[in-house]
There are 4 protein chains.
Amino acid sequence: MAGPNGSLSEDPGKRQAILEQSIRCFAELGFRGTDVQQIADRAGVGKGTVYRYFHSKEDLFWATTLDVFWRLEKVTNEAQERVEGACAKIRAAALAYAEFFESNPLCLEVFIQERAEFRGDAPELHREYHKKLIARFEQVLQDGIASGELRSVDTYKTVHAIGSLLYGTVVFGGHLTELSPIEMAKHNIDTFLRGIRSKESLAAETEFVTGSREQ
Amino acid sequence: MAGPNGSLSEDPGKRQAILEQSIRCFAELGFRGTDVQQIADRAGVGKGTVYRYFHSKEDLFWATTLDVFWRLEKVTNEAQERVEGACAKIRAAALAYAEFFESNPLCLEVFIQERAEFRGDAPELHREYHKKLIARFEQVLQDGIASGELRSVDTYKTVHAIGSLLYGTVVFGGHLTELSPIEMAKHNIDTFLRGIRSKESLAAETEFVTGSREQ
Amino acid sequence: MAGPNGSLSEDPGKRQAILEQSIRCFAELGFRGTDVQQIADRAGVGKGTVYRYFHSKEDLFWATTLDVFWRLEKVTNEAQERVEGACAKIRAAALAYAEFFESNPLCLEVFIQERAEFRGDAPELHREYHKKLIARFEQVLQDGIASGELRSVDTYKTVHAIGSLLYGTVVFGGHLTELSPIEMAKHNIDTFLRGIRSKESLAAETEFVTGSREQ
Amino acid sequence: MAGPNGSLSEDPGKRQAILEQSIRCFAELGFRGTDVQQIADRAGVGKGTVYRYFHSKEDLFWATTLDVFWRLEKVTNEAQERVEGACAKIRAAALAYAEFFESNPLCLEVFIQERAEFRGDAPELHREYHKKLIARFEQVLQDGIASGELRSVDTYKTVHAIGSLLYGTVVFGGHLTELSPIEMAKHNIDTFLRGIRSKESLAAETEFVTGSREQ
DNA sequence: AATGAATGAGTCTTCATTCAT
DNA sequence: AATGAATGAAGACTCATTCAT
């Protein structure tokens, strides 16, 4: 299995070159704004070659986003593995997430383009990868609860809360504030871990303390 | 004040009709994917009329996002005014935010398109409105701190943290989970208010309790 | 007869205002490049009014060129009348012609536009006026021949030769040389009157002297 | 040197076909009146191909006028080379000029369009070619003066006078008279060479004979 | 396998003309 | 009579995709 094109013999270097320039173009110009010719030019190959490696512009886009996803997953996983404890792992992953996008702003744009252009219509393959990432994080939370480090939260919801917070932080926070995504992410994840209510307030309203979600 | 076209006499109904169909089209097809002809057709006017009311497709887009922003601002403000106390106001606004986008999913798409297509290049007017919204929220936090309901957080950062969380929740959470944006938002904002750490954990690590942000 | 629109009551001042701005617009932007709205704006009337006074953009253009023609005819006629003798009249008319276009470069552009946009498809009315002008000039030449001031040239051809020379001078000469149209016209008409051959050359080749046109 | 598109490999036949149909379309419909689609259709290529060979409609137009200019230059140069003597060369070139436009009336229209649409805004390249043509003609006049065939005229002005006369003849004369451009040109150039004043008149007014140009 | 020339459907925008007020 | 809002046909230019070399 050499790639999406089955038995075709491919040059991995060429494939990677195309992918790298795709990130640049899609990030800078958007999916619709990108001319496949430009990707070919920047990658130093003919336009026909781009179509040989990726069947269509859309396929190329999905391959691009998947590539970015993998890189993101890698850095967050590695960050987690370097520390112990649920909070530490969450913080480390959050930091790595923000650092990745701050170091690779083009990757952020690609993510945003994906959501904007294709809503939730990602290929099944992409969803699979996403679910795996979620599951991995849920385990971290579960471990934290088991060890008494975290209170007994709904891990499914909380993973998504953290994901939402981080996504919002890099997308929304990063460009509307004068603070760097990393600074914002640090602050946000810590605040998320601790909450913003005062001790007195928490002590007074026990129903909140239990983290119940009914209304 | 007749609109962006100065002294031109305009039919407000027609303007509104164009704007409404713009939301639909931009949301369903994206900015680039939308043909102005389609907006005109759906609004029941000639294409030339669209260009009379809005000078270009881009202007129309900005008018559309501003319209959505106003509606969003209105519901969150009204929600805040109906309750007392910082936490209650924050929760109410967050709920209203999520409810708005759940009831008007097209508006959410428009927001996403804005970010995707134009990065941070919103017109000055839009930035102004944004700043006002932020300032209003900061005051709520400030009041909460003054009254002892909230601990002494950095209001600027925290407002953005909440904004990021909510944005992430409706954009990211809403489409990757099987939970509704409203459910997610409720959970996330409560979690954010309370934090996810256990009492024991908090008691043990006092430096976190103070909300310090150093690394 | 109030104008091309028969019995309609018209305001001559308004009509003239439209005509004047038409010259400016057609000259600066060309026939196709001119937006009727701009003429209306500059003339301080509504676009509908332009169409009331002139039935179409093309009609307005013809009215504009006719207006220019009349002004040109007027100055050349008056120049002729101020002097006596064929050569003097020809020179005076030529000078007036060049002066007119140098003082009113917009009028020149209108003439050029007419030729470019409509080839020889001028309305009959325009042709009539043209013929009258030609006839008038032929008479001047005829008188010059009768008085012995001019040799016995073909007046029809020669009138057109002069017309061609002057037209070419203001159109071609005026914009390709660093000399003013007036200077060029003076030089050209004098050269045309005298010829460029040396006396000796003329004396030697008598067949040329007779101005025969056979070949 | 492949053309204006640098290293693009081009089919000269296709390029020529487009150019030929451009002449037809621009001549028949004017620059603004021509739809590039029509040129493509007539040339039997896709519209995209037209834009591959010429970057824009305007570029195509300039390439068209330059093509015409070269053809005109070629016939006039060849005509001059076939004869000896200044008068003969001038007559030959004038005849060739008129013959060219009579045989290729579309080329004339293209020249007229150029002047009408772009005033003097021709690309530098075009101006260069023009200057070369002028210089060549000036040399002919200079030689004629040196040999005693012509009187001592200002060669710069006189070249432009001849150019103006010929331009006027084919543009103005050709369409306002029932005579052919060739007939008109023959007559006009001979008249220009000889002048139209009688011998007696010339003998009487010596100041004219010297060709002085002051008023 | 690699290329890039060719294509034509698709899109934004303009503007002459009409007609209701 | 005067206006200018509304219209939609028209036209320049782009670009994803194909396919002959």
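- Within the 4.0 angstrom heavy-atom criterion, base atoms lie near Lys47(C).
- No donor-acceptor pair closer than 3.5 Å links the side chain of Lys14(B) to the backbone N or O of Ala43(B).
- The nearest whole Å value for the distance from the NE2 atom in His55(C) to the C1' atom in dA16(E) is 16 Å.
- Closest to the side chain of Thr49(C), out of dT3(F), dA6(E), dT13(E), is dT3(F).
- We find that CZ of Arg52(A) is positioned 14 Å from C1' of dT18(F), with the value rounded to whole Å.
- Ring geometry for Tyr129(D) versus Phe69(D): interplanar angle of 30 to 60°, hence tilted.
- Following rounding to the nearest Å, Asp59(C) (CG) and dT17(E) (C1') show an atom-to-atom distance of 13 Å.
- Put simply, CG on Asp35(C) is 6 Å from C1' on dC15(E), counting in whole angstrom units.
- Each of Gln37(D) and Glu58(C) has a nearest nucleotide on DNA chain E; the 5'-most of these lies closest to Gln37(D).
- Across all strands shown, the partner of dA20(F) is dT3(E), judged by Watson-Crick or G-U wobble contacts whose two distances both fall under 3.5 Å.
- Taking for each of Arg32(B) and Gly33(D) the nucleotide of DNA chain F with the nearest heavy atom, the 5'-most of the two is the partner of Gly33(D).
- For Phe31(B) and Phe118(B), the distance between ring centers is under 6.0 angstrom.
- For Ile18(B) and dA6(F), the CD1 to C1' distance is 11 Å, given to the nearest whole Å.
- Taking a pair to require two hydrogen-bonding distances under 3.5 Å in either a Watson-Crick or a G-U wobble arrangement, dA12(F) pairs with dT11(E).
- Taking a cutoff of 4.0 Å between a charged side-chain nitrogen and a carboxylate oxygen, Arg115(D) and Glu109(C) qualify as a salt bridge.
- With rounding to whole Å, Tyr51(A) atom OH is found 19 Å from dA1(E) atom P.
- Place Val45(D) and Val36(B) on DNA chain E by their nearest nucleotides, and Val45(D) ends up nearer the 5' end.
- For dA6(E), the OP1/OP2 oxygens have a side-chain nitrogen or oxygen of Tyr53(D) closer than 4.0 Å.
- Nearest-nucleotide positions on DNA chain F for Thr34(D) and Lys14(C) put Lys14(C) closer to the 5' end.
- Distance CD (Glu10(D)) to P (dT21(F)): 18 Å, rounded to an integer number of Å.
- In this entry the distance linking CZ of Phe26(C) with P of dC15(E) reads 13 Å, nearest Å.
- Salt-bridge annotation for Arg42(B) and Glu28(B): present, with a side-chain N of the basic residue lying under 4.0 Å from a carboxylate O of the acidic one.
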